Q: 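This is the structure, below, for whatever I ask next.
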Number of protein chains: 4
Amino acid sequence: MNLAAIKNVGRPRDESRDAAILEATLQVLGEVGYDRLTIDAVAAKAKASKATVYRRWTGKASLVVEAIQTINPHKVPVAGAEPECIWPDTGSLRGDLLAGCRNFVERLNSDEGRLMVAVMTAQARDPELATAMRAATYDDKRRSCRILADRALARGELNSTAGADTFVEVLPAIMFNRLLISGEPFDEAFIAHVVDDIALPLLGHHERAGKP
Amino acid sequence: MNLAAIKNVGRPRDESRDAAILEATLQVLGEVGYDRLTIDAVAAKAKASKATVYRRWTGKASLVVEAIQTINPHKVPVAGAEPECIWPDTGSLRGDLLAGCRNFVERLNSDEGRLMVAVMTAQARDPELATAMRAATYDDKRRSCRILADRALARGELNSTAGADTFVEVLPAIMFNRLLISGEPFDEAFIAHVVDDIALPLLGHHERAGKP
Amino acid sequence: MNLAAIKNVGRPRDESRDAAILEATLQVLGEVGYDRLTIDAVAAKAKASKATVYRRWTGKASLVVEAIQTINPHKVPVAGAEPECIWPDTGSLRGDLLAGCRNFVERLNSDEGRLMVAVMTAQARDPELATAMRAATYDDKRRSCRILADRALARGELNSTAGADTFVEVLPAIMFNRLLISGEPFDEAFIAHVVDDIALPLLGHHERAGKP
Amino acid sequence: MNLAAIKNVGRPRDESRDAAILEATLQVLGEVGYDRLTIDAVAAKAKASKATVYRRWTGKASLVVEAIQTINPHKVPVAGAEPECIWPDTGSLRGDLLAGCRNFVERLNSDEGRLMVAVMTAQARDPELATAMRAATYDDKRRSCRILADRALARGELNSTAGADTFVEVLPAIMFNRLLISGEPFDEAFIAHVVDDIALPLLGHHERAGKP
DNA sequence: TTTTAACCGAGACGGTACGTCACGTCTTGTG
DNA sequence: CACAAGACGTGACGTACCGTCTCGGTTAAAA
């Protein structure tokens, strides 16, 4: 695909330009949103040229996707590497769920949330882009949920894996639905609701320690 | 606001133009998607002028929203009117759920599904579009779910409304998540899974007639 | 070719834009020359959009040619109209020649000369453009020379048309050669040289009144 | 200015690159003309790098000029050397003129003519290019004309140098005018016309041997 | 019946961003 | 050092839509 990359001839790409352009992309994205983001603005902010941008990315969509991915680079799974869980182990299932949801909600309430929304909306246009976005957000969420369920099984808090699959399926759906469709806010009450009314029942964990 | 409408002078609008333009909008939307849809293309296909389009709609978003709404016009609740449920009453909760999900899935697997994806994914860019789309799709789904739960309560199949709210929240989320994010297909197995593993447990309906 | 022009439908072109754009073209041409002239600069100066420029002209070349032509619009012969001679009748052949050459030289030494040079150089690229430029400059010059020769014949200063053709051929060649190739200046000495050493001999007019 | 040339250190320039690049320049020039000729295209065709081109020439203009000059390298006068006339000595003025014009016309009708047109028309944009082109084509022509006139004087065919200067001025002008402006073809009739109706009269040679 | 005012189609208008291309320079690895 | 390869910043290109604005020509209610 790229002769220079294979044969190692010619002036090598200045990798620092990638970083500068992606950084500029995130800035512009935060300032004006996906729709009003222009390649010219990104290039100007990165003190790069449009040609350099187009040499590396096919257009606005792929540029923005990669920019988003740089926020949590560890979330993109490396082939063969052990999936990394970004959610802390608190010692109990309910504690893990609350901590995990809080962690996710925190990120969604920050710039990253707005950026995710901006890019999510672009995925229908480009299947490749959809796959990349899904890996960076949705699949990552599912992996984290799976790890939480496994921890609870290991602790003996759950006695069957039956509900785990459903939980892994439903929780991210609830989260992204609120983010992308209903648009309702993420607050502490919502977190408690998701954990106690949705996650724990689906997991078959009926003794609620923290909600007598 | 509209002198002609008030004073009733001048040439009246040709209402047939609305239909032609909305029809053209749906065609273009299906052909190239929301992003590549242009007002010029819609006007050309409808043999209308751009001025006529802009006389009636403020821009692409509102035009597309109204076009989408024409697909299931009865779903847009008229103020003061009783919300209409498009899901049939089969006599049992599980039957209602299966029938309702099948109905929805059928629509998603048709052109309407593609159109919804096209527009849904664009809603983050335009709050007005988001609200309109939500009313036409998501809120409608929630209404239908609510009615199903109420029917079951009336039949005595449920003895508490506790799970109903959660059910109303989760089921549409699952559906839209699959449509917009995971992209997995909608098939009969998925419908059964949603009904038996998610909906009924959340509703607190543990006796499953069809799944002993 | 142009539906609007034929069927007279749609918003008619604002002819005043043509004038503004051509005027702006001449200004920019004078300021930075043909090579550094950009369509953007012309459009900006004319307070027009690039689309408007490209709607009327195919590119820089044709735009500039037409702009040049506006300088001496009377020189473009109207079909069927009598060719108009821009050179004055002084009463004698030598006087006519001196006056005619002075008139031409005067124009070449003004902005028009620079503009002509600028555009002449573009003609090799575009045959159509070459034809237009030739009509506006070279053919016009030949016409004027022909009229001068006819006047002299009518006055009895010449007794044969033999030299007239050659004169009509040579004099413009000498002029344009100096303008485009040798680049030597046009001064009074050059004019006298052309008239007395080239034009009159070729015309077979050997009695030189003013040069005993 | 050039350390390597002075100190004779480092890798010496590969002189064969010059030839390859100039050859490629002529090819590209013939294929697409001066305006569409790009340094990238030349470098690619010569399998050279742009850096190598720019190391030797300042830009498109000087590159093309030198390429053109390679066509008739003997025409570029070496300082101090006797100017060389490329027109044969036939023994008579009229014979010399016919032979000289035929020689020139022959070259103009070949590739060289097209190249000259391509570059000539671009010279107004670049004074350096203009000077170089003039030396390679126009001045060369004038030199040849001067030599022809001198031969005739030596033979006694002319008895005054008065017309020689005018002849030297007019003949190249007629030639280049036809090539660059009027675009009329060069044929045998034109050659005879130029010799008998323009050149010989201006030279004051009224006995025409070959045209009784 | 005439007037009036808004409608209609077509399409020109000033803008803005697009993605491409060529420029002349710079930066690698290899000889 | 020269060289091939090719990335770099720059800036113009010509195109495509945007939303607005004129045109000439209906169309129907008001005068």
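Hydrogens, waters and symmetry mates play no part in the numbers below; they use all other heavy atoms, side chains included. Labels below follow one simple rule: chain letters A, B, ... track the order of the sequence lines, proteins then strands, and each chain is numbered from 1. Just so you know, these numbers come straight off a predicted model, no measurement behind them.
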Q: What is the distance from atom CG of D:Leu26 to atom OG1 of D:Thr70, rounded to the nearest 0.5 Å?
A: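 Going from the CG atom of D:Leu26 to the OG1 atom of D:Thr70 covers 4.5 Å.
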Q: Output the rounded distance in Å from CG (D:Leu63) to P (E:dC23).
A: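 Roughly 10 Å, once rounded to whole Å.
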Q: When you measure from the side chain of A:Ala48, which nucleotide among F:dA7, E:dG9, F:dG9 comes out closest?
A: F:dG9
Q: For the residue pair B:Lys50 and B:Ala43, what are the closest heavy atoms and their distance?
A: N-CB, 4.1 Å
Q: Is there a side-chain contact between B:Arg55 and the phosphate of E:dC8, meaning an N or O under 4.0 Å from OP1 or OP2?
A: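 Indeed, a polar side-chain atom of B:Arg55 lies that close.
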Q: All N/O contacts under 3.5 Å from nucleotides 28-31 of chain E to the protein, with atom names and distances to one decimal?
A:
none

Q: Could you walk me through whether A:Val64 and A:Leu37 pass the side chain to side chain contact (heavy atoms under 4.5 Å, CB included) check?
A: CA-CA 9 Å; A:Val64 170; A:Leu37 176 145; 4.3 Å; yes
Q: Keeping to residues at least two apart or across chains, list the side chain to side chain donor-acceptor pair (under 3.5 Å) pairs with something in residues 36-46 of chain C.
A: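 Sorted result for residues 36-46 of chain C: C:Glu31-C:Lys45.
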Q: OP1, OP2 of F:dA7 versus side-chain N and O of A:Thr52: anything below 4.0 Å?
A: no
Q: Tell me the interatomic distance from D:Trp57, atom CH2, to E:dT25, atom P, rounded to whole angstroms.
A: 15 Å
Q: Could you check how far CG of D:Asp14 sits from C1' of F:dC1, rounded to whole Å?
A: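 About 13 Å, once rounded to whole Å.
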Q: Report the distance from atom NZ of D:Lys45 to atom C1' of F:dA4, rounded to the nearest whole Å.
A: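 Answer to the nearest Å: 18 Å.
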Q: So, is B:Arg17 near the phosphate of E:dG9, with a side-chain N or O under 4.0 Å from OP1 or OP2?
A: yes
Q: Has the side chain of B:Arg13 got a donor or acceptor atom that lies under 3.5 Å from a matching backbone atom of B:Thr52?
A: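 Side chain of B:Arg13 to backbone of B:Thr52, a donor-acceptor pair under 3.5 Å: no, none is there.
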Q: Please test B:Tyr54 against B:Ile39 for side chain to side chain contact (heavy atoms under 4.5 Å, CB included), starting from the C-alpha separation and ending with a verdict.
A: CA-CA 9 Å; B:Tyr54 280 104; B:Ile39 302 288; 3.6 Å; yes
Q: Can you see if the side chain of C:Arg13 gets near the phosphate of E:dG11 - specifically, an N or O under 4.0 Å from OP1 or OP2?
A: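 Looking at the OP1 and OP2 atoms of E:dG11, neither is under 4.0 Å from any side-chain N or O of C:Arg13.
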Q: Would you say B:Ser49 reaches E:dG9's phosphate, i.e. side-chain N/O to OP1/OP2 under 4.0 Å?
A: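 Yes, such a contact exists.
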Q: What nitrogen or oxygen pairs link the protein and nucleotides 14-16 of chain F at under 3.5 Å?
A:
unit_1	atom_1	unit_2	atom_2	d
F:dG14	OP2	C:Tyr54	OH	2.3
F:dG14	O5'	C:Tyr54	OH	3.2
F:dG14	N7	C:Lys50	NZ	2.9
F:dG14	O6	C:Lys50	NZ	2.7

Q: Determine whether a donor-acceptor pair (N or O, by modelled atom type, separation under 3.5 Å) exists between the side chain of C:Arg17 and the backbone of C:Val53.
A: no
Q: For a side chain to side chain contact (heavy atoms under 4.5 Å, CB included) check, start with the C-alpha distance between A:Trp57 and A:Leu22, then their side-chain angles and the critical distance, and finish with the verdict.
A: CA-CA 11 Å; A:Trp57 295 277; A:Leu22 292 172; 3.6 Å; yes
Q: Please round to the nearest 0.5 Å and tell me the distance separating atom CG of B:Leu29 and atom NZ of B:Lys60.
A: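 So the CG of B:Leu29 and the NZ of B:Lys60 are separated by 9.0 Å.
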Q: Which is more 5' along DNA chain E, the nucleotide nearest B:Ala46 or the one nearest C:Lys47? Just name the residue.
A: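 So the residue in question is B:Ala46.
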